[in-house]
Amino acid sequence: MYRIEERIISWITEIAKKISGRNILIAIPSIWIFLFFICPCLILVKISFSESLIASPPYTSLIDWMSGYMLQVRINLGNYMVLFTDEMYIKGFVTSILIAGTSTICCLMMGFPMAYAIARSSEKFRSILLMLVVLPFWTSFLIRIYAWIMLLSPCGFINSILMKFHLINAPLQLMNNSFAACVGIIYAYLPFMIFPLYSAIEKIDYSLIEAAHDLGSSPIRAFFSIVVPLSAPGIYAGSVLVFVPAIGEFVIPELLGGAQTLTIGRLVWNEFFGNMSWPTAASLSIVLLIFVVFPIAFTQRRKEIKLLSRD
Amino acid sequence: MRFRWSNFILFLGYLFLYFPLVCIVIYSFNESRFVASWTRFSLKWYKTLLSNPIILRAAVTSLKVACLSATVSVVLGTMVAIIITRFKRFRGKTIFVGAITAPLVMPEVVMGLSLLMLFVGMEKIFGWPVGSGTTTITIAHITLTLSYVTMIVQARLHDLDMTLEEAALDLGASPLKVFFVITLPMISPAIVLGWLLAFALSIDDVVIASFVAGPGATTLPMIVFSSLRFGISPEINALATILMTVLSIGVIIFAVWVHRKESKVRSGK
């Protein structure tokens, strides 16, 4: 009997020894992240393998104690099979990738000249110009999308101006298509492109470009053989920062894209709120994460995580 | 002045960034409901906005959630930043850092969905927290903004000169005292910026809030979102103008404060 008590006491003192300020400091955020980030992800995986049910909550449990000593584990792969066979989901992935890809390329084409011009402007104005790029980012996201509804809708700004000058007779269909969704994404994420580009271009030694000019290369050649390769890290970082949030975007395609631009974000939303099919929504999310978001984000983040977690 | 391509490009770029926002502000003062016709200047839409009890109640809810979640997020985020930059390797540090940065790349829809599933599961076991309206939104927003705050504070801590902290420790100050007397004042700009960003993200979020909101808890973006589905409405113009003014003033005050603080440090040296 004494032995057990002694062991319990030594166990408690062992734990008490570990309770230092340092470990408490580590424990508090760790518990938070475990509870509200890791747990939800695990539950998401679990529900993606269950079956849909008309009940509350609307899914079956994976593990059941049957009568006697039978432990039943039911894993349903149907939610994943549906995603790869039903045309709607495949289309959803293709649409999302196309819209996010187009917007990323457009952001790059618009952001590069701007970042270049800011980096080459006089030092005095540079911080103000950069500040002006971020300032719209601080106004509400929804409001920035709303601004484009106001410009593009059938009775919106652009159409009413064109009608007033009799350039068109009937309003143009500018909204509720993938074009509008792209414009919204470009507008919302342009600052994310400009910043990494700026910091890459700023570091380029301008004398290299001058040397190329002196040696007789055309400005275009100098640009593509010097500026572009040297700003490659910025181009890469900016593209990831635009593409990754754009691919899972819900609000922009919902408000600007109209009914036919069904992106993955909207499909997840519809499965959950419309069809009440939690397992399908969960499996869609998992596929989105595993096949699209994580591979892209991982290549970019790996460097940073290494940087962060070093001693 | 000579024509320069770079100025022209900048002009076009900033026109693209600011023209839509300027439109909102201008049309918030239009008396007519329609964009096509400018009748005359009026504050009508501001009046209807401020006498709309649903919007006002949602605004109060949003403000409460944003203030609370930004504050908790800043406290937790500063802790995480200190752990990442100042602590030696411990078991699970890579996982810890990975889990902290992952919400940055998580699509909002996935984050909202997974958190809701957690809350429903918790509700079933503990009878908490779905019943209590805004609690779930606050928790979700803390988790979302924690990574952003951590990034900002951690970048600042990384650049800081550690010798001051080490000197204080060598002279016998406790780690807590070192933090409050030396580290905290030096990272305060990053903490304020982190708070502002967390606040802006929280008061702006519609997707996660729609997923996790408990019964009776409606935030401002949720109302704006549902009214945007029906197209243009001048009240939203007025609301947008107010929000833009408040947030821009906040950011500008912050920028001026940092500028003064830094020039003080420089002149002090």
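Lettering of chains follows the sequences in order, A, B, ..., and the numbering in each one begins at 1. All values below were derived from every heavy atom in this structure, side-chain atoms included, with hydrogens, water molecules and symmetry-related copies excluded.
- For the atom pair CE of B/Met122 and CD1 of A/Ile43, the computed distance is 9.0 Å after rounding to the nearest 0.5 Å.
- Atoms CD1 and CG, on A/Ile149 and B/Leu228 in that order, are 5.0 Å from each other to the nearest 0.5 Å.
- Within the 4.5 Å cutoff, side-chain heavy atoms of A/Pro136 are placed close to those of B/Leu21.
- A/Ile186 has its side chain within reach of B/Phe16: a pair of non-hydrogen atoms, C-beta onward, lies under 4.5 Å apart.
- Note that CE of B/Met106 is 8.5 Å distant from OG of A/Ser285, once rounded to the nearest 0.5 Å.
- Residues A/Phe141 and B/Asp205 are not in side-chain contact: their nearest non-hydrogen atoms beyond the backbone lie 4.5 Å or more apart.
- Heavy atoms closer than 4.5 Å to chain B are found in the backbone of A/Leu35, but not in its side chain.
- At a 4.5 Å heavy-atom cutoff, the contact between A/Phe273 and chain B is made by side-chain atoms alone.
- Residue contact with chain B, scored on non-hydrogen atoms closer than 4.5 Å, involves the side chain of A/Leu190 exclusively.
- Interface remark: B/Ile83 contributes side-chain atoms only to the contact with chain A (heavy atom separation under 4.5 Å).
- Nearest approach of A/Cys41 to B/Ser114, heavy atoms of both residues: N-CB, 4.5 Å.
- Two residues are said to be in side-chain contact when any heavy atoms from C-beta on lie closer than 4.5 Å; A/Phe37 and B/Ile100 fail this criterion.
- Contact of B/Ala140 with chain A is not made at all, since no heavy-atom distance falls under 4.5 Å.
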### Query
Step by step, would you call B/Leu113 with A/Trp278 a side chain to side chain contact (heavy atoms under 4.5 Å, CB included)?
CA-CA 9 Å; B/Leu113 182 69; A/Trp278 292 25; 5.9 Å; no
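- Both the backbone and the side chain of A/Val133 come within less than 4.5 Å of a heavy atom of chain B.
- For the options B/Ile82, B/Ile95, B/Leu196, heavy-atom pairs under 4.5 Å to chain A are most numerous at B/Leu196.
- B/Asp204 contributes no side-chain N or O that, together with a main-chain N or O of A/Ser140, makes up a donor-acceptor pair within less than 3.5 Å.
- Between the CE atom in B/Met79 and the CD1 atom in A/Ile24 there is a gap of 9.5 Å [rounded to 0.5 Å].
- Interatomic distance, A/Glu249 CD to B/Glu108 CD, rounded to the nearest 0.5 Å: 6.5 Å.
- For a residue to count as touching a neighbouring chain, one of its non-hydrogen atoms must lie under 4.5 Å from one of that chain's; by this rule A/Ile38 touches chain B with the side chain only.
- Side-chain contact between A/Ile33 and B/Leu146 is present, with at least one heavy-atom pair separated by less than 4.5 Å.
- Proximity to chain B is absent for every atom of A/Pro245, based on heavy atoms less than 4.5 angstrom apart.
- Taking CE of B/Met244 as the start and CD1 of A/Ile143 as the end, the distance is 6.0 Å to the nearest 0.5 Å.
- Per-residue counts of heavy-atom pairs under 4.5 Å with chain A were compared for B/Ile236, B/Val224, B/Val80; the largest is that of B/Ile236.
- In this structure, the portions of A/Met114 lying under 4.5 Å from any heavy atom of chain B include both its backbone and its side chain.
- Within the 4.5 angstrom heavy-atom criterion, atoms from both the backbone and the side chain of A/Leu132 approach chain B.
- Looking only at side-chain heavy atoms (C-beta outward), B/Leu12 and A/Pro113 stay at 4.5 Å or farther from each other.
- The aromatic rings of A/Phe250 and B/Phe225 sit tilted, their planes meeting at an angle between 30° and 60°.
- Each of B/Leu197, B/Leu17, B/Val251 was evaluated against A/Phe137; a single residue qualifies, B/Leu197, per the side-chain contact (heavy atoms from CB on, under 4.5 Å) test.
- The shortest side-chain heavy-atom distance between B/Pro20 and A/Met150 does not fall under the 4.5 Å cut-off.
- A/Phe36 and B/Phe119 have tilted rings, their planes meeting at an angle from 30° to 60° on a 0 to 90° scale.
- Although no hydrogens or angles enter the test, the distance criterion places no donor-acceptor pair under 3.5 Å between the side chain of A/Tyr146 and the main chain of B/Ile24.
- Contact annotation for A/Ile26: both backbone and side-chain heavy atoms come within less than 4.5 Å of a heavy atom of chain B.
- Put simply, the side chain of A/Leu44 reaches to within 4.5 Å of the side chain of B/Val110, judged on heavy atoms.
- Of all the heavy atoms in B/Val109 and A/Trp269, the pair that sits closest is CG1-N, 4.2 Å.
- For A/Leu135, the parts lying under 4.5 angstrom from a heavy atom of chain B are both the backbone and the side chain.
- Both the backbone and the side chain of B/Ser210 come within less than 4.5 Å of a heavy atom in chain A.
- Listed options B/Leu243, B/Val206, B/Ile139 were ranked by heavy-atom pairs under 4.5 angstrom with chain A; first place goes to B/Ile139.
- Ring centers of B/Phe19 and A/Trp148: at least 6.0 Å apart, outside the cut-off.
- In terms of heavy atoms, B/Pro221 sits closest to A/Leu142 at O-CD1, 3.4 Å.
- Interface check for chain A: of the options B/Gly112, B/Cys23, B/Ala200, the most heavy-atom pairs under 4.5 Å are formed by B/Cys23.
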